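Remarks on the structure that follows.
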Number of protein chains: 2
Amino acid sequence: MPQANKRLAQGQSSENAPSVTRSITLKDVARVAGLSPITVSRALNSPQLLRPATIARVREAVELTGYIPNLLAGGLASKRSRLVAAIVPQLFNAMFVETVQGLGDQLAAHGYQLLLSLSGYSPAHESELVSAILSRQPDGIVLTGINHAAETRKRLLSANVPVVETWDLTPTPIDMLVGFSHQKIGETIARYLHGKGYRRFGLVWADDERAALRRAGLETVLNEYGIGKAASHMVPTPATLALGRKGLQVLLDSGSSFDAIVCSSDALAQGVLTEAQVRGIKVPGQLAIMGFGDLDFAAHTVPSISSVHIDKRAIGIQAANALLARIEGRPLKQRILDVGFELIERETT
Amino acid sequence: MPQANKRLAQGQSSENAPSVTRSITLKDVARVAGLSPITVSRALNSPQLLRPATIARVREAVELTGYIPNLLAGGLASKRSRLVAAIVPQLFNAMFVETVQGLGDQLAAHGYQLLLSLSGYSPAHESELVSAILSRQPDGIVLTGINHAAETRKRLLSANVPVVETWDLTPTPIDMLVGFSHQKIGETIARYLHGKGYRRFGLVWADDERAALRRAGLETVLNEYGIGKAASHMVPTPATLALGRKGLQVLLDSGSSFDAIVCSSDALAQGVLTEAQVRGIKVPGQLAIMGFGDLDFAAHTVPSISSVHIDKRAIGIQAANALLARIEGRPLKQRILDVGFELIERETT
DNA sequence: ACCAAGAATGATTGCGCTATCATTTTTTGG
DNA sequence: CCAAAAAATGATAGCGCAATCATTCTTGGT
């Protein structure tokens with residue numbers, strides 16, 4: 001079999017190779033190692049089935065040939081892609097970055113890779129993304145939020161793939177859920193600020209669906225306290241410092257007077273704070289400011305910004321854990337995990 | 001062949017389906033449409049080869065069956081995965097977020113998906129990631145920076161996959177490059193600040209490799225002006241406002257006096273600015289502050305932060321374009337694209 | 001009406017891997 | 001030292017799709 005021998009020799013040196021170099025496959029490695037392809041496959045995927053000496057032979061051959069497994073082929077044959085997909089609205093929003101990072105880190109630690117898609121807050125786009133994602137046969141999917149197109153839900157259900165929804169709470173998730181209650185946060189903020197004696201509220205608020213929930217909670221409680229609908233200025237996502245400044249300008253120019261501005265995110269709060277300082281408004285003496293998200297800067301501005309802390313990274317990590325448990329067939333303690341939140345009182349209130 | 005008929009019937013209605021529902025394949029769609037599988041494949045991938053009536057029949061059958069293509073199988077057969085992988089150091093660093101977003105958007109617009117990996121600034125980790133990534137047969141790879149483990153370079157070269165390095169410049173990229181000169185930025189900052197009359201420089205600097213290049217440029221020019229090595233405080237990544245405040249504290253406590261603090265990022269600059277204000281130091285009267293990156297807040301702090309603008313999103317978009325051109329066999333105008341930079345003079349200098 | 005040229009569709013095969021079952025080798029206990 | 005059990009390795013087949021080449025159907029020109 002000179003043919004085979006010749007090939008074997010070519011394994012290492014690449015002299016007179018044809019223009020299109022066929023890539024190294026399991027078979028090549030097997031030939032070099034003097035084993036069957038399936039044994040090589042096992043050495044790489046279930047080494048506990050083989051004796052150490054065999055594994056060493058394989059490792060050597062892999063080294064020698066520079067073999068890189070083809071996960072498309074592997075996934076096709078095994079029905080396991082070792083891929084997890086995540087959809088977040090956007091990355092500009094620093095909130096999601098930590099979740100994605102936590103998710104990515106945790107998945108990587110368990111041999112999974114992350115396919116990231118950005119929906120831009122559009123359920124229609126999300127729906128398309130889900131189709132595209134399912135094409136890759138992911139072992140799990142992480143979604144942001146709980147409101148999805150009916151189509152999305154249906155596709156995910158019939159694909160029979162583990163799904164984790166995040167960043168919100170509902171008793172009826174598609175599958176699993178890691179989040180917290182925006183409604184409760186709104187309520188908590190309202191009680192807290194009311195308790196501190198603030199009465200004339202203004203809102204600088206992002207136009208996204210979860211922010212709307214927080215707002216609903218806030219207004220419900222304010223209403224209970226007999227405080228009417230607060231004046232508000234809506235801003236588009238992503239919320240920035242500049243939009244926060246603009247927000248306070250608009251609110252003040254409207255002629256109303258305020259003793260507290262509640263913002264849907266820390267970036268907006270920082271903007272409101274900046275604008276207040278520019279105008280010589282004492283914070284919190286004349287005006288209190290409340291943020292949300294407890295981003296890294298909130299504790300270190302002067303004055304520091306009161307906010308609501310969310311363990312954003314934990315959401316990613318727990319989402320990964322939930323998926324990993326489901327994928328590996330381990331029992332899941334709870335389908336729904338509430339990571340909670342914590343109101344952080346700082347100097348702006 | 002009753003067996004076959006039974007299957008056909010099951011295609012649409014899912015009554016008495018076995019517990020493990022075999023997923024819908026091209027074959028199923030073909031059967032429903034009364035066409036051959038390959039024709040269905042063409043209807044989905046090269047519709048221009050078929051007559052509209054046929055495509056309509058296929059579309060109908062797809063609708064009816066809820067067919068989702070299997071890209072693992074498709075990729076294996078066609079050698080095209082429609083997947084592009086990117087490695088960035090981290091997402092916390094707002095700098096990379098825009099690039100990733102631009103990259104993701106542009107790729108999505110062309111039917112490609114983004115596999116995102118985080119290297120945490122470690123070449124060793126990057127090397128592992130590259131192996132893992134190559135396993136998925138991506139059609140292209142985007143790397144951050146130009147310094148990679150020798151192993152990484154070798155693997156990428158032998159995998160024969162289009163590669164774009166980003167965020168830096170070199171005459172000898174692995175393949176393609178979209179970036180800018182950090183050295184030049186450092187030099188430009190030095191000339192600019194020197195021109196404004198500043199002489200006593202302090203640095204608050206992140207400990208990453210591209211920041212080091214900017215610093216080298218800065219120090220080279222300062223040296224030409226006869227200014228000795230500037231006092232510096234190094235901070236770990238990710239750089240934050242808090243680290244910036246700390247940085248100024250440390251520098252001032254060292255006893256030296258400064259008339260300008262140069263920071264390796266806007267977040268640090270914002271921190272330095274905050275700390276200066278706390279201490280009653282007039283900016284820029286007593287102390288100038290220079291940032292880098294021109295993040296969204298830089299223009300809107302008070303005083304606004306002078307910075308260096310990088311078109312971060314363009315890096316992502318151009319990287320995507322370069323890959324797409326290469327993948328689709330279009331001629332590439334230039335292997336190396338310098339997106340440049342722009343020093344933005346604002347109030348802190 | 002007929003034929004050539006092109007357009008549309010189909011049959012076969014294999015991408016690289018792993019599930020499954022079969023076989024061989026090693027270990028164990030009496 | 002042997003049979004039986006267990007461990008290690010191998011042979012076969014097929015995952016779902018698209019490249020390739022083969023065949024059938026349309027056209028339009030005369």
Side-chain angles (χ1 to χ4, degrees), chain A residues 7 20-58 61-62 65-83 111 134-139 159, chain B residues 7 11 20-58 61-62 65-83 111 134-139 159-160:
Chain A
R7 280 234 182 129
V20 176
T21 43
R22 194 185 49 82
S23 64
I24 312 288
T25 72
L26 253 198
K27 230 188 226 170
D28 300 312
V29 178
R31 208 181 298 117
V32 169
L35 292 163
S36 73
I38 186 63
T39 301
V40 175
S41 166
R42 278 197 276 253
L44 300 173
N45 298 314
S46 351
Q48 75 284 359
L49 293 179
L50 305 185
R51 73 176 99 183
T54 309
I55 295 176
R57 265 165 77 192
V58 170
V62 166
T65 53
Y67 172 65
I68 302 238
N70 182 331
L71 247 54
L72 296 187
L76 180 60
S78 71
K79 311 274 180 205
R80 299 195 50 207
S81 61
R82 298 205 148 266
L83 190 69
L134 286 175
S135 292
R136 295 203 190 270
Q137 318 290 112
D139 292 339
Chain B
R7 280 230 181 135
V20 176
T21 42
R22 192 183 51 84
S23 64
I24 312 289
T25 72
L26 254 197
K27 231 189 223 168
D28 299 312
V29 178
R31 208 181 297 120
V32 170
L35 292 163
S36 74
I38 187 62
T39 301
V40 175
S41 166
R42 280 198 274 254
L44 300 173
N45 297 315
S46 349
Q48 75 284 358
L49 292 179
L50 304 186
R51 71 176 102 181
T54 308
I55 295 177
R57 264 165 78 193
V58 169
V62 166
T65 52
Y67 172 65
I68 303 239
N70 182 331
L71 248 53
L72 297 188
L76 181 60
S78 71
K79 309 277 179 200
R80 299 196 49 208
S81 61
R82 299 207 147 265
L83 189 68
L134 287 175
S135 291
R136 295 204 189 271
Q137 318 291 113
D139 291 339
N160 201 31

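Below, chain A is the first sequence line, B the second, and so on; all start at residue 1. Just so you know, these numbers come straight off a predicted model, no measurement behind them. Atom set for the values below is all heavy atoms of this structure, side chains included, hydrogens, waters and symmetry mates excluded.
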Set of residues satisfying side chain to side chain contact (heavy atoms under 4.5 Å, CB included) with respect to A/Ser41, sequence neighbours excluded: A/Leu26, A/Ile38, A/Asn45

Nucleic acid footprint by protein, nucleotides 9-21 of chain D - heavy-atom cut-off 4.0 Å, B for base, S for sugar-phosphate alone: BBB--BBBBBBB-

Distance, nearest 0.5 Å, that separates OG of B/Ser81 from CG of A/Asn70: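 With rounding to 0.5 Å, OG (B/Ser81) is 9.5 Å from CG (A/Asn70).
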
Separation of B/Leu49 CG from B/Ile55 CD1 (nearest 0.5 Å): 9.0 Å

Nearest atoms (heavy-atom pairs only) where A/Ser23 meets A/Asp28: O-OD2, 3.9 Å

Verdict with supporting geometry, A/Tyr67 and A/Leu44, side-chain contact (heavy atoms from CB on, under 4.5 Å): CA-CA 11 Å; A/Tyr67 172 65; A/Leu44 300 173; 3.7 Å; yes

Side-chain donor/acceptor of B/Arg57 to backbone N/O of B/Gly34, under 3.5 Å: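 Checking the backbone N and O of B/Gly34 against the side chain of B/Arg57, a donor-acceptor pair under 3.5 Å is found.
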
Derivation and outcome, side-chain contact (heavy atoms from CB on, under 4.5 Å), residues B/Arg136 and A/Leu83: CA-CA 10 Å; B/Arg136 295 204 189 271; A/Leu83 190 69; 3.7 Å; yes

Span of DNA chain C in contact with chain A (heavy atoms, under 4.0 Å): C/dG16 to C/dT26

